[in-house]
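Keep in mind that what you see is a predicted model, and the values were worked out from it rather than measured.
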Amino acid sequence: MAVVIIILSRCMNAADQLPKDIRGEAYTGAATCVKCHKDIEQSFTHNAHGLTSKPITEQQLIQVFAPDSNVFSYDGHQKVVIEKRAGGIFQVAYVDGKEVRAEKFDMVFGSGEKAYTYAYWKGKKLYELPLSSFSAIRNWAISPGFPKQTFYYDRPIGSRCLECHASYVDKKITQTSGVSTDEEMERGALIYGIDCERCHGPGRQHAVFHLENPEEKTAKFITIYKTLSRKQKMDACGVCHSGNALVAQKSVFGFQPGDNLDDFYAQDFAGFGGADPDVHGNQTEMLKGSNCYRKSKTMTCQSCHSTHENIKGNLKIYSQRCISCHQDSKHSEATLAKGSLSNNCIDCHMPKIPSKLITFQQAGKADLSAYLLRSHHIGIYPVNK
């Protein structure tokens, strides 16, 4: 009995020393995970998942944009200017030289590989700013889906958006009529980016056990992906990467690895999907349509990706993973003439394709610019001449 009391006392002390988490008593937060996983933390903080949302800092904006790239003109009368003022950096709208609206950069979405989209808080509501920055042009353009004739500051960002760009936000939904609701979100209860427990499940019990038993090297009380079935692995990624033709039945903040994604999403057959899914956000569905996936019994997203890595844009490493399964593949003379295949399978078999859902408008240009994204439908595409 005395031994049991001592053990329980040690566990209670370890648990008491761990930080609280807004998601509940079963969670502990990424700061606890770092205690034992510093090497993973160093890589993951620079990974697209870790960077998919974060609070904005002035230094980040100054580093990204040149001083002379701070004006976007809609026409001869209207413009939005990026200005540093007391309290932060703002997107300021002018009509004929008169200021009509100014909102502060509060939050950024995206890792910057393709683009950054920005948002501001107004009370307990989050709104998208009219200008986004795009890596392809290294400049400002109108945020996707916004009107090109004039600036627009009133597009709300709800918790559904944050379900794939954050790890949690505390929200309150009020029924305003028989058919409509109003949502408020707590800025201080927002967990930015995709954190450890979003993918591995609640980790408090895991952390307590291993802090109290450092000699135990087999992970306990946490989800390890190698123990999941193929569908469970695909579902875990599909929470945020299964496309735009789905309707959420309940918040996927509640999804834990091992859950059935079909319990959270239903197919919206009126939207984009079916045989021709859009390249934006449809990575798992496009992969499932590939021969690489269909002819394999084991291939998953994790066959090529590790969310702990920071190797974005390194086509040579990804190509080596292709070759590990395709060492005997034959290529035509035209393909061989393009260069070393071992360094770049990706551009040929997973080309960048314009999204049907996302485009952006550059200043002074009549046509919309294409938003190119990497196709995850692995296939044999025509050789570009």
If you define the side chain from C-beta out and look only at heavy atoms, does anything of [X] sit under 4.5 Å from [Y]?
{"X": "Ile142", "Y": "Pro130", "result": "no"}
{"X": "Gln78", "Y": "Ser73", "result": "no"}
{"X": "Pro257", "Y": "Gln232", "result": "no"}
{"X": "Ile137", "Y": "Gln362", "result": "yes"}
{"X": "Tyr118", "Y": "Glu128", "result": "no"}
{"X": "Leu357", "Y": "Tyr371", "result": "no"}

Less than 3.5 Å apart, any donor N or O on the side chain of Ser251 or Glu163 sitting next to an acceptor on the other?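 The answer is yes; a qualifying pair exists.
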
For Phe264, is the NZ or CZ atom of Lys250 found under 6.0 angstrom from the centre of its six-membered ring and inside 45 degrees of the ring axis?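 Yes, Lys250 and Phe264 form such a contact.
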
How about Phe221 and His210: are their ring centres within less than 6.0 Å of each other?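 No - the distance between ring centres of Phe221 and His210 does not fall below the 6.0 Å cut-off.
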
Indicate, with yes or no, if the rings of Tyr225 and His200 have centres closer together than 6.0 Å.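 Judged by ring-centre distance (under 6.0 Å), Tyr225 and His200 do meet the cut-off.
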
Steps toward side-chain hydrogen bond (donor to acceptor under 3.5 Å, both in side chains) verdict (Gln302, Thr300): CA-CA 5 Å; Gln302 292 81 26; Thr300 65; 2.9 Å; yes

Students often mix this up, so state it plainly: with edges at 30° and 60°, are the rings of Phe253 and Tyr168 parallel, tilted or perpendicular?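 Phe253 vs Tyr168 ring planes: tilted.
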
Residues Phe360, Phe146; criterion side-chain contact (heavy atoms from CB on, under 4.5 Å); working and verdict: CA-CA 9 Å; Phe360 61 96; Phe146 278 46; over 6 Å; no

Taking Lys124 first and then Glu186, would you say they form a salt bridge - that is, a charged N and a carboxylate O separated by under 4.0 Å?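 Looking at Lys124 and Glu186, the cut-off is met.
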
Measuring from Asp170:CG to Ile191:CD1, what's the distance to the nearest 0.5 Å?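 Asp170 atom CG to Ile191 atom CD1 measures 10.0 Å (nearest 0.5 Å).
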
